[in-house]
Amino acid sequence: MFQRELETLSRKDLVRLQEDRLRETVERVWHRVPFYREKLESTGVHPTSLRGLEDLHRLPFTYKKDLRDQYPFGLFAVDRQDVVRIHASSGTRGKPTVVGYTRRDITCWAEVCARAIAIAGGRPGDVFHNAYGYGLFTGGLGMHYGAELLGAVTVPVSGGNRSRQITLIHDFAPRGVAGTPSFLLSLAEMMMAEGVDPLDTSIEYGIFGAEPWSEEMRQALEGIWGIDALDIYGLSEVIGPGVSMECREGKNGLHIAEDHFLPEIVDPNTGEPLSDGQEGELVFTSLTKEAFPILRYRTGDIASLTREACRCGRTHARMSRIKGRIDDMLIIRGVNVFPSEIEPVVLGMKEFAPHYRLLVNRVDTLDALTLEVEVNPEFFGTKGGSHFDPTDDESHRLSANLRQRLKEILGVTTEINLMEPGTLPRSEGKAVRVIDQRDAMLRR
Ligand code: DLL
């Protein structure tokens, strides 16, 4: 463990620490961020009236919209000269959201990321191939500082340029790799096309996150690379990667760095707190951040929590794998559809490659789903000849089978477009799995 004492605190000591830090955080925003002062006043909370964690639910929520409204620096709680770094979201759904860090924030962030790498089995001296994007996105620099702090030989390769990545993996012989699951999948694919078996590389563990991925995708990545594939979660509003990390021993939920981030699960509709084990929206309150403290941030991510003991010995609560995002939920002919439910079905059928995307259209006045999915080159290779015909009987049977399985899971009918191997775009960072063409159609 990178910080054994903190990672194995008894629940009683942890709660005491969280309560002290929560009070400090509320004090900080009360005095330094007019937005929070107003919100706290309107909900009748004064920092001195906070007794303990049982009062957490009295604090106001913070939403993504609040960050946009306060763009760019309205939620910062320190003077400009104390901010040493800024990150920002890409702003594909509106104005970007901007977050800031003091020197101490960067240190805390590096610590949680160093912990995360150690949780995955990383050790000082490992060569660590960091394929998260560098730049305004938090993935690259977040993991970079963590890897350096751990004492790893950090390779800041960033995303993209797959052929150079393959050369560097061969030449530098990393033990650990970090990147989005979809990117590591596409890297393996290119390796195999060049006649290199990813199983023959030196990599032993992979730290994968920044996008939803399934247990089936874990099995695919572990099989292809011959590694432990572990889930890392985080978001820029809370800090970046390192908010939580799945341990190699348990592979069953992600340990939240609870001494820095206080988790809750709430009902996404009512905001009411839910108990451990119940699925709902993840909410985080930062406990140590100086530049950009955040109260009860509604992440939009769906998960559940457990405080049961873990075989790795860490005492911090675990969150489940992210089931999906509330705002990614599609309403198709009145049925709620979570696109993340598609992946296990596709990966569960050996005829398909793990490359797919969902198109959402409007046909007449009804919403319609089309899944574009690549067939597995091996499977179609064994059919005799590599020519793939999406109109032949076997393809029809395959499409019908997938359509039926998806109908059972999603509750709606999905058109299936079988694609030739290698024809869908490959991910360089976060995979784009859903293309909603409905708005574009309305504008026409
Ligand atoms: O994606 C931070 C990060 C970088 C996490 C590298 C892990 C590794 P944002 O760009 O702000 O930050 O996006 C945050 O991505 O609210 C989730 O919806 C999604 N996400 C992040 N990690 C996971 C994960 C980074 N392990 C948003 N599983 C979050 C599922 C994830 N979704």
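Just so you know, ligand 1 is whichever comes first in the structure, and atom 1 is the first atom listed for that ligand.
- In this comparison of I232, D301, L230, N130, the heavy atom closest to atom 26 (N) of ligand 1 sits on I232.
- At a heavy-atom distance under 4.0 Å, only side-chain atoms of K430, from C-beta outward, approach ligand 1.
- Annotation: F137 places no N or O atom under 3.5 Å from an N or O atom of ligand 1; distance criterion only.
- Below 4.0 Å from some heavy atom of G139 lie the following atoms of ligand 1, by number and element: 4 (C), 6 (C).
- Shown here is E5, whose CD atom has no more than 12 heavy atoms of other residues, nucleotides or ligands within 6.0 Å.
- The ligand atoms of ligand 1 that sit less than 4.0 angstrom from a heavy atom of R325 are 16 (O), 18 (O).
- Residue-ligand proximity, D231 to ligand 1, at heavy-atom distances under 4.0 Å covers atoms 24 (C), 26 (N).
- A salt bridge does not link R333 with D367: every distance from a Lys NZ or Arg NE/NH1/NH2 to an Asp or Glu carboxylate oxygen is 4.0 Å or more.
- Salt bridge R4/E7: absent, no basic N to carboxylate O contact under 4.0 Å.
- Contact annotation: P212 has at least one heavy atom less than 4.0 Å from an atom of ligand 1.
- Classification of the Y101-H87 ring pair by plane angle, with boundaries at 30° and 60°, yields perpendicular.
- Taking only nitrogen or oxygen atoms, main chain and side chain alike, T299 does not reach within less than 3.5 Å of ligand 1.
- Of the charged side-chain nitrogens involved, at least one lies within less than 4.0 Å of a carboxylate oxygen, so that R321 and E215 count as a salt-bridged pair.
- Considering only non-hydrogen protein atoms, atom 31 (C) of ligand 1 sits nearest to E211 N, 3.7 Å.
- In this structure, K430 does not pair ionically with E211, as no charged nitrogen and carboxylate oxygen lie closer than 4.0 Å.
- A salt bridge links D66 with K39: the closest approach of a Lys/Arg side-chain nitrogen to an acidic carboxylate oxygen falls below 4.0 angstrom.
- Only the side chain of T138 comes within contact range of ligand 1, with a heavy atom under 4.0 Å; no backbone atom does.
- With hydrogens and angles ignored, the 3.5 Å screen pairs a side-chain donor or acceptor of S158 with a backbone N or O of Y134.
- In terms of protein heavy-atom proximity, atom 23 (C) of ligand 1 is closest to A210 N, 3.5 Å.
- Considering only non-hydrogen protein atoms, atom 25 (C) of ligand 1 sits nearest to G234 O, 3.5 Å.
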